[in-house]
Amino acid sequence: MANLNIKADKENTYDAIVVGSGVSGGWAAKELTEKGLKVLMLERGKKLDHVADYDYAMKAPWETKYNGKITVEQAKTHPKLSRDYPYNEMTEKYWFDDVDSLYKEKKRFDWYRPDIVGGKSIMWGRQCYRWSDLDFEANAKDGIAIDWPIRYKDIAPWYSYVEKHAGISGEALGLPQLPDSEFLPPMDMFFVEKEVRKRLEKNFPGRNMTIGRVANLSKAAQAQIADGRGPCMYRDRCSLGCPFGAYFSTQSSTLPAAAKTGNLTLRPDSVVREIVYDKETKRATGVQIRDSVTMEDREFFAKVIFVCGSTVGSTALMMNSTSERFPNGLGNDSGELGHNLMDHHFRAGASGKWEGDHDRYFYGRRANGIYIPRYRNVGDDKRDYLRGFGYQGGGSRQGWERNVAELSFGKDLKEELTKPGDWTMGFGGFGETLPYHDNQMYLDKDTRDKWDMPVVVFDADFRENEKKMRQDMMNDCLLYTSPSPRDRG
């Protein structure tokens, strides 16, 4: 542990320190400041002001250089970030460069690290689903890992508390495996989605299809309007930042609430390198940071420290916080820190074409899709694998980018592409991964990033249980998307 010999004084001492400014960090800052505590929020990313710094949110496609795509050079210099959709021309400034956000992979593991105040709350998918006792009791019933110390009844009031402030639109279903939230009016489903829902629920009793439960304000309350949040405009440009404050983010919701108290100090460009442990008091007393601009080191002190970075970032910080008392990382007496690394598995599903109904269309660019709640290993259903999955997806009419097989060029092709194409419907499964002790992340202390932090190494993959579940995901999707006489009912 570094010893900077910096004494605690009024300038660098607070009632509480919050590490990270994403969804959880924003909430911690809001709650603590509103209770009267002087709070320092430390964020490793750069400043991002609400509305003013959403560079592309209000621009038309033709006002961008590459219409949101990335260049060959960008893909070359960002080999990990460019693997998937989060990184593109319009969101480039929201992410750390690959050269700065170093990490190693024993097996492929995608880790996207935002470089902004607000973290992933600016770019998240906003899907919000409550856990049930099916989830909280799973480890105990399956004899896997350790039992959760709480049950649904313990956390249900806090779900409600958060949802009323964040704003969750959705439809109540009354399902025991998916408890209902404090809902704003649900977004409407498109024609083809409503038709598929009818057939799915008729032909597969016990399975439900609903609109996604999403943290977008379908209707803004007076209090939210007073705080600068308006209803969703159906633009579907959420990943660029929402100037209307229609979806829940740190910038639109919790940060303004915390700032209003006068008790918040926000310090961006602050890489928290370790949590300082005092062996005399046997308590964490502060944090050591490195200013990412000046590269100067500082320490800040507080009686309460909330570590609210990402899963990986928070774990790496605790691993790097070593002392005589905690040689393997703060709080790591069990040796479990970094183990049982889990991620949902997805990209298993199917899509299909809906014949006819070309006289129907949909309204707006809805920033949401459909959801099919878990039905496997629920009630009397028993599979040859543990746990289960849900589906996300949606329906739409094909646009001008579709291929018209009968036409390859000329006037007829151009005229055909001015009209909407066929209705399509797609489903993608999102499955649970079991906790495996040897799925892990750890620190390579011989390899350092630009802030002299040891880099993270990932060594995790999916196992037989997940592979069996993925096969079930695809098989069921084929039933939903393949027409049959009974589906035409």
Side-chain angles (χ1 to χ4, degrees), residues 23 85-86 120-132 135 159-160 162-175 177-201 204 207-220 229 231-240 242 244 246-249 252-253 344-351 362-376 388-397 423-432 473 476-477 480-481:
V23 171
Y85 71 92
K120 295 193 189 81
S121 80
I122 298 298
M123 301 156 292
W124 67 308
R126 307 168 311 286
Q127 297 288 308
C128 297
Y129 302 95
R130 291 190 180 196
W131 269 25
S132 71
D135 304 294
Y159 272 131
S160 293
V162 167
E163 289 163 353
K164 288 174 182 176
H165 182 83
I168 311 297
S169 67
E171 176 188 25
L173 297 176
L175 298 176
Q177 73 269 32
L178 184 69
D180 294 324
S181 296
E182 302 282 345
F183 287 130
L184 295 171
M187 294 183 175
D188 196 19
M189 287 199 286
F190 299 153
F191 164 77
V192 70
E193 295 167 346
K194 292 177 181 178
E195 292 299 308
V196 170
R197 175 181 183 167
K198 288 180 196 174
R199 289 155 173 73
L200 185 148
E201 295 182 357
F204 301 97
R207 304 184 194 182
N208 302 87
M209 183 168 142
T210 186
I211 190 67
R213 299 176 174 183
V214 67
N216 286 60
L217 299 180
S218 57
K219 179 181 179 181
R229 297 185 67 192
C232 181
M233 297 295 172
Y234 280 61
R235 301 165 71 240
D236 194 20
R237 309 193 78 193
C238 306
S239 64
L240 306 180
C242 182
F244 309 98
Y247 70 73
F248 173 82
S249 70
S252 70
S253 186
H344 61 237
H345 57 93
F346 65 125
R347 292 204 179 97
S351 62
F362 55 86
Y363 171 78
R365 297 180 177 88
R366 187 191 63 200
N368 194 7
I370 59 91
Y371 186 66
I372 298 178
R374 174 180 165 182
Y375 53 85
R376 289 305 191 200
F389 56 88
Y391 288 107
Q392 295 182 37
S396 65
R397 295 276 310 259
W423 283 101
T424 61
M425 186 76 196
F427 299 93
F430 286 75
E432 182 175 351
M473 281 181 185
D476 283 0
C477 262
Y480 302 153
T481 56

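In this chain, residues are counted from 1 in sequence order. Computed from a predicted structure; not experimentally measured.
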Colleague: Would you say that Ile370 contacts Met425 through its side chain, given a criterion of any heavy-atom pair below 4.5 Å between the two side chains?
Modeller: yes
Colleague: Is any side-chain heavy atom of Val162 closer than 4.5 Å to one of Phe248?
Modeller: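 Heavy-atom side-chain distance check fails, nothing below 4.5 Å.
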Colleague: Check whether the side chains of Ser132 and Gln177 place a donor and an acceptor atom closer than 3.5 Å, and report yes or no.
Modeller: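 Their side chains do not contain a donor-acceptor pair, so the 3.5 Å distance test is not met.
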Colleague: Looking at Tyr159 and Trp131, what are the two nearest heavy atoms and their distance?
Modeller: OH-N, 2.9 Å
Colleague: Got a salt bridge between Glu195 and Arg199, using NZ or NE/NH1/NH2 to carboxylate O under 4.0 Å?
Modeller: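 Looking at Arg199 together with Glu195, the answer is yes, because their closest N to O distance falls below 4.0 Å.
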Colleague: What's the separation between atom OG in Ser169 and atom CG in Asn368, rounded to the nearest 0.5 Å?
Modeller: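 Atom-to-atom, Ser169:OG and Asn368:CG are 6.0 Å apart.
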Colleague: Could you tell me if the ring centre of Tyr375 sits under 6.0 Å from that of Phe204?
Modeller: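 For Tyr375 and Phe204, the ring centres are not under 6.0 Å apart.
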Colleague: Please report the shortest heavy-atom distance between Pro186 and Glu171, naming the atom on each side.
Modeller: CB-N, 4.0 Å
Colleague: Hey, could you give me the SG/CZ distance between Cys242 and Arg235, rounded to the nearest 0.5 Å?
Modeller: 7.0 Å
Colleague: Between Phe427 and Ile372, is there a side-chain heavy-atom distance shorter than 4.5 Å?
Modeller: yes
Colleague: Verify the distance criterion only: is there a donor paired with an acceptor across the side chains of Arg126 and Ser249 at less than 3.5 Å?
Modeller: no
Colleague: Taking all non-hydrogen atoms of both residues, which atom of Asn216 and which atom of Cys238 are closest, and how far apart?
Modeller: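 Heavy-atom minimum between the residues: ND2-SG, 4.0 Å.
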Colleague: Does some side-chain heavy atom of Asn208 sit less than 4.5 Å from a side-chain heavy atom of Glu201?
Modeller: yes
Colleague: For a side chain to side chain donor-acceptor pair (under 3.5 Å) check, start with the C-alpha distance between Arg365 and Ser396, then their side-chain angles and the critical distance, and finish with the verdict.
Modeller: CA-CA 10 Å; Arg365 297 180 177 88; Ser396 65; over 6 Å; no
Colleague: Show the nearest heavy-atom pair for residues Arg366 and Met189, with the distance to one decimal.
Modeller: NH1-CA, 3.6 Å
Colleague: With rounding to the nearest 0.5 angstrom, report the OH to CE distance, Tyr363 to Met187.
Modeller: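 Interatomic distance, Tyr363 OH to Met187 CE, rounded to 0.5 Å: 11.5 Å.
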Colleague: Can you check whether Ala166's main-chain N or O pairs, donor with acceptor, with Arg229's side chain at less than 3.5 Å?
Modeller: yes
Colleague: Measure the shortest side-chain to side-chain distance between Leu173 and Arg213 over non-hydrogen atoms and say whether it is less than 4.5 angstrom.
Modeller: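 Leu173 vs Arg213: side chains touch.
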Colleague: Under a 4.5 Å cut-off applied to non-hydrogen side-chain atoms, are Asp180 and Arg130 in contact?
Modeller: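 When only atoms from C-beta onward are counted, Arg130 and Asp180 do not touch, as no gap falls below 4.5 Å.
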Colleague: Side-chain contact test, heavy atoms from C-beta onward, threshold under 4.5 Å: evaluate it for Phe430 versus Gln392 and give yes or no.
Modeller: yes
Colleague: Does any non-hydrogen side-chain atom of Arg376 lie less than 4.5 Å from one of Arg207?
Modeller: yes
Colleague: Can you tell me how far CD1 of Ile168 sits from CZ of Phe183, rounded to the nearest 0.5 angstrom?
Modeller: 8.5 Å
Colleague: Looking at every heavy atom in both Gly395 and Val192, which two are closest together, and how far apart are they?
Modeller: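 Scanning both residues completely, I find the closest heavy atoms to be CA-CG1, 3.6 Å.
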Colleague: Hey, is NZ on Lys194 packed in by over 12 heavy atoms from elsewhere, all under 6.0 Å?
Modeller: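 Yes, NZ of Lys194 has more than 12 neighbouring heavy atoms, counting only those of other groups under 6.0 Å.
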Colleague: So, Ser252 side chain and Ala246 main chain: donor-acceptor pair closer than 3.5 Å or not?
Modeller: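 Here the side-chain-to-backbone pair does not exist.
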Colleague: Measuring from atom OH of Tyr371 to atom CE of Met209, what distance do you get when rounded to the nearest 0.5 angstrom?
Modeller: 13.0 Å
Colleague: Please name the pair of heavy atoms, one in Tyr391 and one in Cys477, separated by the smallest distance, quoted to 0.1 Å.
Modeller: CE2-SG, 3.2 Å
Colleague: Would you please name every residue forming a side-chain hydrogen bond (donor to acceptor under 3.5 Å, both in side chains) with Ser181, sequence neighbours left out?
Modeller: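 side-chain hydrogen bond (donor to acceptor under 3.5 Å, both in side chains) check on Ser181 returns Glu163.
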